[in-house]
Amino acid sequence: MSLPSDYTNEINSLNREVLKQKPTDILQFCANFFLRRLESQRAEFLLSQQHSASHKGGTGMAETTFPGSNPFGTSPSSGAVSGSMGGMHRLEEEDENDTIASPTASHFPRPMNSNNGPSAAFDDNAAGSGGAVGGGDTTFGSFGASSGAMPMDIQSFPTNYNMNRRTSVSAESLNPSSSLNDNWTPPYHPKTSEQQTRLRAAVADNFLFAHLDDEQTSQVLGALQEKPIPAKGIKVITQGDVGDYFYIVESGSFDVFVNRAGRVEPGSNDLGDKVTVVGPGGSFGELALMYNAPRAATVVSTEPSTLWALDRVTFRRILMDSAFQRRRMYESFLEEVKLLSSLTAYERSKIADALETTKYPPGSTIIKEGDPGSSFFILESGEAEVYKRGVEQPVKKYTKGDYFGELALLNDAPRAASVVSSTEVKVATLGKNGFQRLLGPVEGIMRRNDPTKQASEEDEVDPLHQES
Amino acid sequence: MREHHHRAKERHNSSNDKNNNSAPRPREHTEDPDIVAAREREKQQLIQWETQREPLTPSEILIEPDQKVVGHSSKYLRCEDFELIKTLGTGTFARVWLARLSARENKEANKVFALKILRKADVIRLKQVEHVRNERNVLAAVAGHPFITTMVASFQDYDTLYMLLDYCPGGEVFSYLRRARRFNESTSQFYAAEIVLILEFLHERQGVAYRDLKPENILIDAEGHLKLVDFGFAKKIADRETYTLCGTPEYLAPEVIRNTGHGCAVDWWAFGILVYEFLVGQPPFWDQNPMKIYEQIVEGKVRYPSAMSSNARDIIGALCTVDVSRRLGNISGGAGAVKAHPWFSHIDWDALYHRRIRGPIIPQLRGPADTRNFDDYDPETQAKDPYTADMRERYDSAFADF
C-alpha cells in the first residue's frame, strides 16, 4: 500500500527544509514546520472558498473546479460540470459519415480504420468499437510520441479523437534563393511521355499535387528519380524510421505492414500485420513530403520492382521558389502603380496575396469600354492592345508588368477604353472589394502622402495611360 | 517528489563535473568580489520581481530588453543558483523545471520559477538553432506582457542554455479542457479574448508570428489568467512571408501545408481551430492519418455541431478561411476586426488587458510552488551527446544572445 501523495509531498518538503536548514532541535523544527504549513493551508482554503462563493454568484462562467483537483473534498459532482454545459448537449447529433473518407490505396490504411470502416469524427456509434483508438499510445506516426498521457475515461468520450498532448512538428528551415547568384534548379531526370502520363495519373488524386500549376507539376515530375528494387523481400521503408522520400510504384508489387507497437524493433523481423498491397500507379510515404515524421508502416517488395522517388526538400523547395518568385513579381509590379505608391512593403505583400491569376487566349476582351469597372489588372505575361471607340488603330500596347483599370479601385466609373489580348496573356487581377477588404478604402491610402490631396484630382489621370 | 528532487541533485552534480573539465568556458568560476556581489544583486532582483510580478503596459514592454527589469541576458546567473524541483514539461530538445533559488533564506523558499533548460548539442543535432534564437529574442522583446510567459532572464554555460521564466502554477488549459471535455461559451469567450490580446500585441506591436497556438501551450496562472508559453516557433516576420513548415498537425494553416509562404495570418487560422476545440472538445479537422488531416485543412470545410451558437460559427468560419486575403484578423482592421466581432460583444477589452476581469477557472493551489496541476514526466533517459569543441567552434556564436 502506498502512502497518500499529499502526505509524501509534505514529508518531502520537510526533508528539503531539514537538509537546507540543518536544525539542531529536530523535533521543534518539525513541529514549527507543520504549524506553519497548517496555517498557510487553512488561509488558502478560506481564500479559495471566497473565490468560489463570489464566483457562483457572479459571472457564472462555470467550471470553477474539476473533480480531482480539489483537495478538500468539496469538489462538485460530475453533474455540476456536465450540467453547466447543458446548452451543448445536442453536440453529437450532427452525424455524417461523408467527409472523412476511408483510406485509399495511396495511403496507409490504419488497422483501426479498416476495422471501423469509414468513421466520422462525430460518429457516436463508432465510439464503442473504436474506443481503444484514443487511449492507445501507439497511434499514428507523430502522434505516438506525445508524452504524459492523462488518465482519461475514454469510454465517456463519444468520439475516436486522440486525447493525448499533440507533438509539434517542423521541417528543415527553408529560405528562398533571394539573391540571383544562388541559382537553385530542381534536379531533372528525363522520362518518356508514357511514364509522364502514368506519373500524372498516379498523383492526380493526391491533394499535395492538386494545387500545382503546370510549371510546378512538370518540375516535380522531372525531379522524380528512378529507384530500381532488384529483388523480392527488400524493405523500402521501415515503420518508425525517419522518412525523407515519397515513392510512386512504376512496376512490381509491395506489401505494406503495420506493427501495432508503432515501430519495428531493431533486429526484429516482426513487421506486424499486412494491411495492403501497392502495385503500379500506387504510392506511399507521402507524409515525408511534409516533415520528418516516423514512418507509419513497413513496405517490402514482393518481386523485382521499380519505384520513383521524390525527397521532401526538393518538393518543398519547388513549391517555395515558385511562390516566392510570383510574390516578388507581383510586388515589383505593384510598386509601379502610382495610385498605390504610398503602400508599405507589408501592404504590398498583402495585396500580392490577394491577386488572382487569369489566363486569356489571344483576341479576348479583358475589359470593355463603357462597362462599369470593378477590378484592377496587371499584365503578367503576353501582350494586349487598347482600343477606343471611333479609333480604328489600337491607341496603346501593353506588355509584361503594365497595369490598367486601377481607377476601378477608387470609383465605379465606366471603363474609358477596351483592352484586348493580342497573344495568350496571363493577368493578375484584384477587385475593389478585395482591396478594401484588406486595406480599407483606397482614398484613405492615397491621402497618406498628402492630407490635402483629394481623390478627385486623380480622376483626371487617364486610367489606361499610367505613364503621364 | 523525492525522485524528482534526487534527480535535480544529480543534475547539479553533473553540471559541477562539467565545470571541472579542462575545456574552455565562457563564464569562469571566479571569486572576484565584484562578480560575487553582482551575482547577489541579481538574485535579489529576481526575488523582488517574483514578489511583485507587475505586468508592464504595452509601451513599457517595447523598451530595449536590456533596460527592462525582465528579459535581459544575465552575465552572472548560473545553473547552481537554482534548485530543480520537478519537471513541468518536456519537448524534443528541452525540459522545463520548477526551480527555486538555492540556499536562500527560509522566507524566500517560495520564490519559484520555471527554468527551461536546453542542451546546445541537442539543439544543434535537431537543427533548431534558429528556432531557439528566435525564441529567446522574442521572449526578451515581449517580457512583461500580462498574458505571455515572462522571461525574467536568460543565461548559458559551456554546453547548456537557460531561460528563466515565471512559474504558472495552474497548469495547461489543455488539462482543464480534456478534463471538462469542452468549455461552455462564456469560458471559451474569456480565454479566446485574452488570446486575441496576445495575438494583437505579437502581430501588430512586434511583427511576430507565434506559429504554435494550441491548448497545450497556454497555461493558467494563479489568478486564473492565461499565459502563452513555448515560443520555439515564434518568428519576427517583418514585411515578408516565411516558408519553414512548423506547428502542430491539427492546427496547421492551409498555406503552411501548401508551402506558398505564410505570415501572421497562420495564428488567426489556428485561433479559429482553438475556439472550435474549446467549444467542441476536439479540433474540426482530424483523422488517424495526418495526411488526411491536411487534406481536410486545405479543403477548409468546417462542420459545426448543431448546438453551436451562430456567432460562434460565424467567427470560427471567418477565422478558418482558406483564402488569407479573406481571413478575419488578416483583413482590414487586423485584430481590431476580431475584437469587434459579435461573439466578443460583451468583452471589456481594456479591463481585460489590465486583468480586472475574473477568470472562469481559479486554480486550487496550496502555495506558489504547488505542482499538482502538472502531470508527471518520465526522467531524462536519453544518453547525452557531448558538446564538442568542433560544435562550439561552429555554433557558439549563434548562442551569444543568451
Side-chain angles (χ1 to χ4, degrees), chain A residues 8-9 12 40-41 44 48 51 59 61-66 69-70 81 84-85 88 90-91 93-94 100 107 110 112-113 121 140-142 147-148 150 152 159 161 163 165-166 168-171 173-174 207 211 286-287 290-291 316 319-320 323 327 345-346 349 353-354 434 437-440, chain B residues 1-2 5 90 106 127 130 174-176 178-184 186-187 190 212 214 216 233 239-241 243-250 258-261 280 282 286-291 295 298 301 303 305-307 324-326 331-332 358 360-362 364-367 375 377-378:
Chain A
T8 38
N9 286 346
N12 283 335
S40 80
Q41 193 219 36
E44 275 178 48
S48 69
H51 281 183
T59 54
M61 279 181 174
E63 286 106 37
T64 46
T65 53
F66 291 91
S69 66
N70 190 325
V81 173
S84 66
M85 302 181 194
M88 298 286 277
R90 289 166 60 83
L91 201 70
E93 287 191 358
E94 207 170 71
I100 298 172
H107 300 285
R110 302 287 305 148
M112 296 83 155
N113 280 356
F140 193 91
S142 53
S147 55
M150 274 202 308
M152 187 65 62
T159 73
Y161 184 63
M163 302 289 291
R165 281 201 176 77
R166 293 152 294 197
S168 303
V169 295
S170 73
S173 155
L174 270 184
F207 79 95
H211 297 280
E286 57 189 349
L287 187 57
M290 297 281 297
Y291 44 82
R316 298 198 75 79
L319 301 192
M320 173 183 71
R327 281 167 181 276
Y346 173 69
S349 108
D353 253 345
R437 201 168 52 230
L438 278 168
L439 300 181
Chain B
M1 229 5 183
R2 168 178 286 271
H5 187 61
T90 60
N106 192 33
K127 305 190 176 84
E130 223 24 66
F174 173 84
S175 307
Y176 294 91
R178 287 292 181 270
R179 243 176 286 164
R181 191 162 128 193
R182 50 183 164 276
F183 291 148
N184 66 18
S186 60
T187 298
F190 176 86
D212 203 13
K214 55 176 170 178
E216 289 91 327
F233 293 152
D239 48 20
R240 275 242 167 127
E241 76 283 359
Y243 290 87
T244 304
L245 181 149
C246 59
T248 295
E250 290 91 325
R258 291 179 49 193
N259 214 33
T260 50
V280 178
Q282 63 178 56
W286 197 73
D287 194 279
Q288 291 286 337
N289 177 347
M291 288 310 282
E295 195 168 353
V298 297
K301 206 174 136 228
R303 293 190 314 138
S306 52
V324 293
S325 73
R326 293 166 186 271
I331 55 176
S332 175
R358 175 181 290 280
I361 299 168
I362 310 293
Q364 300 278 349
L365 298 169
R366 274 177 310 180
D375 292 334
Y377 288 85
D378 293 335

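Heavy-atom basis, side chains included; hydrogens, waters and symmetry copies ignored. Letters A, B, ... are given to chains in the order of the sequence lines, protein chains preceding strands, and every chain is numbered from 1.
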Self-check item: Min side-chain heavy-atom separation A:Arg165-B:Ser175 under 4.5 Å
Solution: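 Side chain of A:Arg165 against side chain of B:Ser175, heavy atoms only: contact under 4.5 Å found.
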Self-check item: Residue B:Asp212 versus chain A: region with a heavy atom under 4.5 Å
Solution: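 Looking at B:Asp212, just its side chain touches chain A.
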Quiz prompt | Contact origin within B:Lys127 toward chain A - heavy atom pairs under 4.5 Å | solution =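 Neither the backbone nor the side chain of B:Lys127 comes within 4.5 Å of chain A.
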Quiz item: Which of the residues A:Ser173, A:Gly440, A:Gly434 is involved in the greatest number of heavy-atom pairs with chain B at under 4.5 angstrom?
Solution: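 Most heavy-atom pairs under 4.5 Å with chain B: A:Ser173.
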Self-check item: Among the listed options A:Asp353, A:Leu174, A:Leu438, the residue most often paired with chain B at heavy-atom distances under 4.5 Å
Solution: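 That would be A:Leu438.
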Quiz item: By side-chain contact (heavy atoms from CB on, under 4.5 Å), which residues pair with B:Arg258, not counting sequence neighbours?
Solution: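 Residues passing side-chain contact (heavy atoms from CB on, under 4.5 Å) with B:Arg258: A:His211, B:Thr260, B:Val298.
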Quiz item: Among B:Val324, B:Ile331, B:Asn259, which residue forms the greatest number of heavy-atom pairs with chain A at distances under 4.5 Å?
Solution: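 Ranked by contacts with chain A, first place is B:Asn259.
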Quiz item: Please walk me through it: do A:Arg316 and A:Met290 pass side-chain contact (heavy atoms from CB on, under 4.5 Å)?
Solution: CA-CA 8 Å; A:Arg316 298 198 75 79; A:Met290 297 281 297; 3.9 Å; yes
Practice problem: Check the pair A:Arg166 / B:Phe174 against side-chain contact (heavy atoms from CB on, under 4.5 Å), numbers first and verdict last. | Solution: CA-CA 10 Å; A:Arg166 293 152 294 197; B:Phe174 173 84; 4.2 Å; yes
Self-check item: Chi angles and distances behind the side-chain contact (heavy atoms from CB on, under 4.5 Å) call for A:Ser170, A:Tyr291
Solution: CA-CA 6 Å; A:Ser170 73; A:Tyr291 44 82; over 6 Å; no
